[in-house]
Amino acid sequence: MSESETNADIPPYRYTAAKAAEIEPRWQAYWADNGTFNAPNPTGELADPTHPRAGAPKLHVQDMFPYPSGSGLHVGHPLGYIGTDSYTRYKRMAGYNVLHPMGFDAFGLPAEQYAVQTGTHPRTTTEANIERYRGQLRRLGLAYDNRRSFATTDPDYYRWTQWIFLQVFNSWFDPDLRKARPIDDLVAEFEAGTREVPGGRAWSQLPAVERRKVIDGFRLAYVSEAPVNWCPGLGTVLANEEVTPDGRSERGNYPVFQRSLKQWMMRITAYGDRLVDDLDALDWPEPVKLMQRNWIGRSRGAHVDFPTDGDDVISVFTTRPDTLFGATYMVLAPEHTLVDAIVPTTWPAGTNPAWTGGAADPAEAVRTYRAAAAAKTEEERTDAKVKTGVFTGAFATNPVNGAKVPVFIADYVLAGYGTGAIMAVPGHDERDWDFAQTFDLPIVRTIETPEDFDGAYTGDGAVINSEFLNGKGVAEAKAAMIAWLEEKGHGRGATTFRLRDWLFSRQRYWGEPFPIVYDETGLPIALPESMLPVELPEVDDFSPRTFDPDDADSEPETPLSRKKDWVHVELDLGDGLKTYTRETNTMPQWAGSCWYELRYLDPHNEKVLVDPENEAYWMGPQRPGDPGGVDLYVGGVEHAVLHLLYARFWHKVLYDLGHVSSFEPFRKLFNQGYIQAYAFRDARGVIVPAEEVVERDGKYYYGDQEVAREYGKMGKSLKNVVTPDEMSEQYGADTFRVYEMAMGPLDVSRPWDTRAVVGSQRFLQRVWRLVIDEETGAIRVTDTPLDPKTRRALHQTIAGVREDMDELRFNTAIAKLIQLTNTLTPLQATSREAIEPLVLMMSPFAPHLAEELWRKLGHEDTCAYADYPVADPAQLVAESVTYPVQVNGKVRGRVEVAPDTAEDAVRAAALAEVADALAGREPRKVIVVPGRLVSVVV
RNA sequence: GUCCCCGUAGACCAAUCGGCAGAGUCGAUGGACUCAAAAUCCAUUCAGUGUGGGUUCGAAUCCCACCGGGGACACCA
């Protein structure tokens, strides 16, 4: 049959996809033209004292902004956006001044890689992608303040990213105050002699270059020659957070090698304590906090010095100084710098042959072991069931009892953690126990261990075999030992972190240039603020130099270094015109997303990053002890460590330097779930288009052939992508929005099912029909008051929906709205008393439809600022309460009583009701749960 | 291996302090409308809560063990 025939029978004024397609763009244009969702600032260009919400309580809600990829949005992406949009529309109607902005995280690898493939400039593709995203988001009716939108690639934006870099560069961390301070303060302290210059030299005696080197060593952003993660396949170095546990790049899955290279670092480790401690002040999901704690990996313990027989001292880190009397051997990482120094020329007399690895002398043993360890992959090292290692031939002295203990090297000790050396206490550490078993090393218990216990005992107990510690508990003994070590000069209390400093430079084109130049000394010089932004220059060849992914010895080469006329620059930085060399690395993709929550507050301010008054209003602490920050930050859990850790770090630096009043960027974090989708494979294992698969009798068919269903991410490779644009065409954006919000709680992942979307459309159709006659288009709303029963249903819905909205339980809120709609549907006429609150409560989910109906109901204005309905408490009291009466846990009857009936009366009525079931037996116990039920036990 | 989260009708999901397992959606079935179909409307259907124990007058909810799914960490001294 033809489509025209199909359409012919549809009532002319029904709410359909075609109707939605007419209504939706019209209201989107209205909102844009009227700046409906502009939020007023307290001060500056975006201040607006006449705005209906000026000076109202504020709410700052933000989504993790997207990277605008070339493939556009699929239906999974906007789930969180629709959630925050519904929430903020509700809060705006409830009286809040709502800030809900959206921007784009637009620097990064994919645009650059695409550019390399096609020869298009990354800016061209990035801008096209952003435009496409903007169109898709607009089409969903998302209520953003578009004046505040930006991309991290805008020079106006990255000017401030560079400015923050300069703040970090020009700061140092004062360990006494536990905060960042201007580098000038440090210089002043050196000059005044109030702070000792490292190495004990006199500041006034130091040559200028030496002074600069000293200062550079304190900066929070510094250049360091250190082992870094070099990824030849990507042609760039990577941060630790960007490398997977099996030693590959998170992006692209290329091998990553450890190379010593000169790179920019950020001293995030200085903030280790605060980054851990301040988690307690945040309203974040516990798993995310846990992941951050694990990543930072703070351990408290002590450094202990073990003198060797030569002049060297092996310093170890231990979290168990209380077990020092049980340290029966030591282990150095194979790469430890002291190894060569302590190795004697021959094996000591009586060396256990099992310790030598069969080598003729210690040097050979070490050489052989090192070679074997280097050849092993990370996986082989960690999966090894049996611990390996070799004796170095050297001994060290346990400072607490003078015992000579053998020193081993073994790859179970990591060079990169602590001091790269441990004291081994096999009695109370599982790894040391395993090693001691293999090498037949002595085991001394220093904590009382339960009888029959075999293995390393790591629990609490009384200290034994430890002279002055005997009888103490573990915690007490730790403190006592640290005090003893410090008094005797054998060690000191210490805290170490698993967290490493943040590797901040990348050898890419498509990133923020550093506002740094070098002079003839090769030392970095910050450009003055007046020279910002340092714009990314146009280059002929923006492709990075990549290499054979397995070529570990390749050297990074930055695309910008090829642009010689940009690299060499003549500047007057205070001592006349001189030639300088620019930094040619660029910043990592995380830089732009480290502070964007702040720029939304004051996006066009040319004087400061954000006006302090605007920052204090939108993000400042709301009460003593409150960290401040975004009121609700919604995004995927995949950013639990990387982005959220870096952003917290930068925010704390800005806080220390007095630029912001909040000490955390995101007060409340919410992880939305994912929308996944089914995919189908035929007998050959080839993916077939999911759209064309049909279900018959619980089996799935593509044409005639049966195909197997699997469940996974939505994506091109699985041929199961559904886009919001398709949904808008088939059903309208409102239907799509309602469906996404109704299909389950926001934080739960679930499968996409296009067929089920029709249910949401039917719901909207019913609401529409309550207001408009489908045949004539006439308004069928009357001013007749509601009957008492329906009125109570209305107010119960209002109360319930408000509660659900506040808790982000949109699925149950929508269920209640459907219920109310279904209550109103059978009524002869629609009462204004019910339909207006319903339309208003619908508007956060189906804003276009709500605006249209609101207008048809006779209102001139947008409903975005209409008062959200409030329940009348008097209407929430039920007329009567029905108590089920249980006898021995089974429902045997019901009694209906007035809501305020006294407990005794309920009890009596209940007992009378179930007299038959009791059959004369005497109730042993009668429990009355007010408002709930009566339970009789016989 | 350790830790965390989750298992409720055919599917997605509700269930307040432990108090009658069902709010809502899809699907299926039947009916109304129609020459018929689609769309729409109305109605019906279906689980005793992954399994086994325990606590309790009462357990989807609390506790223990196991099974299944997802995630994080994985020699960090």
Side-chain angles (χ1 to χ4, degrees), chain A residues 1 5-7 9-11 14 16 245 285-288 290-291 294-295 297-299 301 316-320 323 331 379 381-384 387 410-414 416-425 428-432 434-435 496-499 637-638 640-641 674 695 698 711 738-739 742-745 747-763 765-766 769 774 797 800 803 809 811-819 821-822 825-826 882-891 894 923-938:
Chain A
M1 106 189 35
E5 273 172 337
T6 309
N7 290 338
D9 292 345
I10 293 177
R14 173 169 289 178
T16 59
E286 273 312 314
V288 176
L290 190 64
M291 279 188 256
N294 286 343
W295 186 264
R298 176 168 66 185
S299 327
V316 303
F317 175 71
T318 177
T319 56
R320 295 296 302 275
T323 61
V331 185
E379 243 175 329
R381 273 177 75 147
T382 47
D383 280 1
K387 298 241 178 302
D411 62 7
Y412 83 90
V413 171
L414 309 174
Y417 185 76
T419 61
I422 62 157
M423 63 177 212
V425 184
H428 304 287
D429 181 284
E430 280 168 24
R431 298 150 300 182
D432 297 346
D434 293 345
F435 191 83
T496 64
F497 296 92
R498 200 187 86 115
L499 180 71
V637 71
E638 70 272 17
V641 175
Y674 296 97
E695 184 183 353
Y711 185 53
V738 169
Y739 176 66
M743 66 196 286
D747 55 351
V748 171
S749 296
R750 56 227 137 153
W752 177 259
D753 182 11
T754 298
R755 288 181 314 170
V757 179
V758 67
S760 298
Q761 173 124 66
R762 287 181 191 146
F763 166 45
Q765 267 172 358
R766 268 175 278 152
R769 197 150 44 222
E774 288 188 335
T797 303
E803 225 171 273
R809 293 192 302 249
N811 53 328
T812 52
I814 290 172
K816 290 181 175 77
L817 294 174
I818 292 173
Q819 205 173 359
T821 305
N822 293 348
T825 302
T882 303
Y883 283 87
V885 187
Q886 291 183 347
V887 178
N888 286 346
K890 290 210 164 66
V891 178
R894 289 166 201 284
R924 201 151 51 84
K925 203 170 176 184
V926 179
I927 298 150
V928 178
V929 185
R932 282 293 183 178
L933 59 54
V934 182
S935 184
V936 182
V937 188
V938 295

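The sequence lines fix the lettering, A, B, ..., with proteins before strands; numbering per chain opens at 1.
- Here the P atom of nucleotide rC73(B) and the CZ atom of R298(A) are 20 Å apart, to the nearest Å.
- Between the CD atom of Q765(A) and the P atom of rU25(B) there is a distance of 14 Å, given to the nearest Å.
- T318(A) comes within 4.0 angstrom of the backbone, heavy atoms only, and of no base.
- rC6(B): glycosidic angle beyond 90° from 0, hence anti.
- For rG48(B), the base adopts the syn conformation, since its glycosidic angle falls within 90 degrees of zero.
- Nucleotides rC63(B) and rC3(B) are separated by 15 Å at their P atoms, to the nearest Å.
- The distance from atom CZ of R755(A) to atom C1' of rA28(B) is 11 Å, rounded to the nearest whole Å.
- The shortest side-chain heavy-atom distance between D432(A) and Y412(A) falls under the 4.5 Å cut-off.
- Of all nucleotides listed (rC57(B), rC20(B), rC3(B)), rC3(B) comes nearest to the side chain of L290(A).
- Rounded to an integer number of Å, the gap from F763(A) CZ to rU25(B) C1' is 11 Å.
- For the pair I814(A) and P287(A), nearest-nucleotide mapping onto RNA chain B gives the more 5' position to P287(A).
- No engagement by P826(A) is indicated, since no non-hydrogen atom pair under 4.0 Å with the nucleic acid exists.
- Residue R769(A) is in sugar-phosphate contact alone, with no base atom involved, counting any heavy-atom pair closer than 4.0 Å across all strands shown.
- Residues P751(A) and I422(A) both approach RNA chain B. Their nearest nucleotides, taken by heavy-atom distance, put P751(A) toward the 5′ side.
- Here the nucleotide nearest the side chain of D753(A), chosen from rC75(B), rC26(B), rU16(B), is rC26(B).
- For Q819(A), whose side chain is taken as the heavy atoms from C-beta onward, the closest listed nucleotide among rA77(B), rC13(B), rA23(B) is rA23(B).
- With sequence neighbours left out, D747(A) forms a salt bridge (charged side-chain N to carboxylate O under 4.0 Å, His left out) with no residue at all.
- Of the side-chain N and O atoms in K816(A), none sit less than 4.0 angstrom from OP1 or OP2 of rA23(B).
- Using atom P as the reference point in both rA37(B) and rG30(B), the two lie 12 Å apart (nearest Å).
- The side chain of M743(A) lies closest to rC12(B), out of rC12(B), rU25(B), rA23(B).
- Residue M291(A) contributes atom CE, which lies 16 Å from atom C1' of rU2(B) at whole-angstrom precision.
- Remark: H428(A) NE2 to T323(A) OG1 distance equals 7.0 Å, nearest 0.5 Å.
- Listed pair R762(A) / rU25(B) fails the phosphate criterion, with no side-chain N or O lying under 4.0 Å from OP1 or OP2.
- When rounded to the nearest whole Å, the span between CZ of R14(A) and C1' of rA38(B) equals 11 Å.
- Look at the C1' atom in both rG50(B) and rA60(B): the space between them is 12 Å, to the nearest Å.
- Not counting sequence neighbours, R932(A) has no partner by the salt bridge (charged side-chain N to carboxylate O under 4.0 Å, His left out) test.
- Contact check, R498(A) against rA74(B): a side-chain N or O comes under 4.0 Å of OP1 or OP2.
- Contact check, N811(A) against rA14(B): a side-chain N or O comes under 4.0 Å of OP1 or OP2.
- When atom types are taken as modelled, the side chain of R766(A) and the backbone of T825(A) share no donor-acceptor pair closer than 3.5 angstrom.
- When Watson-Crick and G-U wobble pairs are counted only if both distances are under 3.5 Å, rC46(B) pairs with no nucleotide at all.
- Annotation: rG53(B) and rC17(B) have their C1' atoms spaced 26 Å apart (nearest Å).
- Among the protein residues, I927(A) comes within range of the nucleic acid bases, having at least one heavy atom under 4.0 Å from a base atom.
- Using a 4.0 Å heavy-atom criterion, one finds that A756(A) contacts the sugar-phosphate atoms exclusively.
- When the P atom is compared between rG24(B) and rA15(B), the two are found 14 Å apart, to the nearest whole Å.
- With both ends at atom C1', the span from rG7(B) to rC66(B) equals 14 Å, rounded to whole Å.
- Of the candidate nucleotides rU25(B), rG24(B), rG19(B), rG24(B) has the atom nearest to the side chain of A815(A).
- Nucleotide rG27(B) holds its C1' atom 12 Å from the OH atom of Y739(A), rounded to whole Å.
- V748(A) comes within 4.0 angstrom of the backbone, heavy atoms only, and of no base.
- Nucleotide rA74(B) is matched to nothing when pairs are restricted to Watson-Crick or G-U wobble geometry with both distances under 3.5 angstrom.
- Between the P atoms of rA23(B) and rA74(B), the separation comes to 47 Å (whole Å).
- Going from atom CG of L933(A) over to atom P of rA59(B) covers 12 Å, rounded to whole Å.
- In this structure, S749(A) reaches the sugar-phosphate backbone alone: every heavy-atom distance under 4.0 Å involves primed, P, OP1 or OP2 atoms, never a base.
- At the heavy-atom level, R750(A) lies under 4.0 Å from the strands shown only through sugar-phosphate atoms.
- For Y417(A), taking side-chain heavy atoms from C-beta onward, the closest of the listed nucleotides rG19(B), rC26(B), rA77(B) is rA77(B).
- Across rA77(B) and rA59(B), the matching C1' atoms stand 45 Å from one another, rounded to whole Å.
- Pairing of rC33(B), defined by two Watson-Crick or G-U wobble distances under 3.5 Å, is not identified with any nucleotide.
- Annotation for E430(A): atom CD does not count as buried by contact number, only 12 or fewer foreign heavy atoms lying within 6.0 Å.
- Using a 4.0 Å heavy-atom distance criterion, E803(A) is classed as making no nucleic acid contact.
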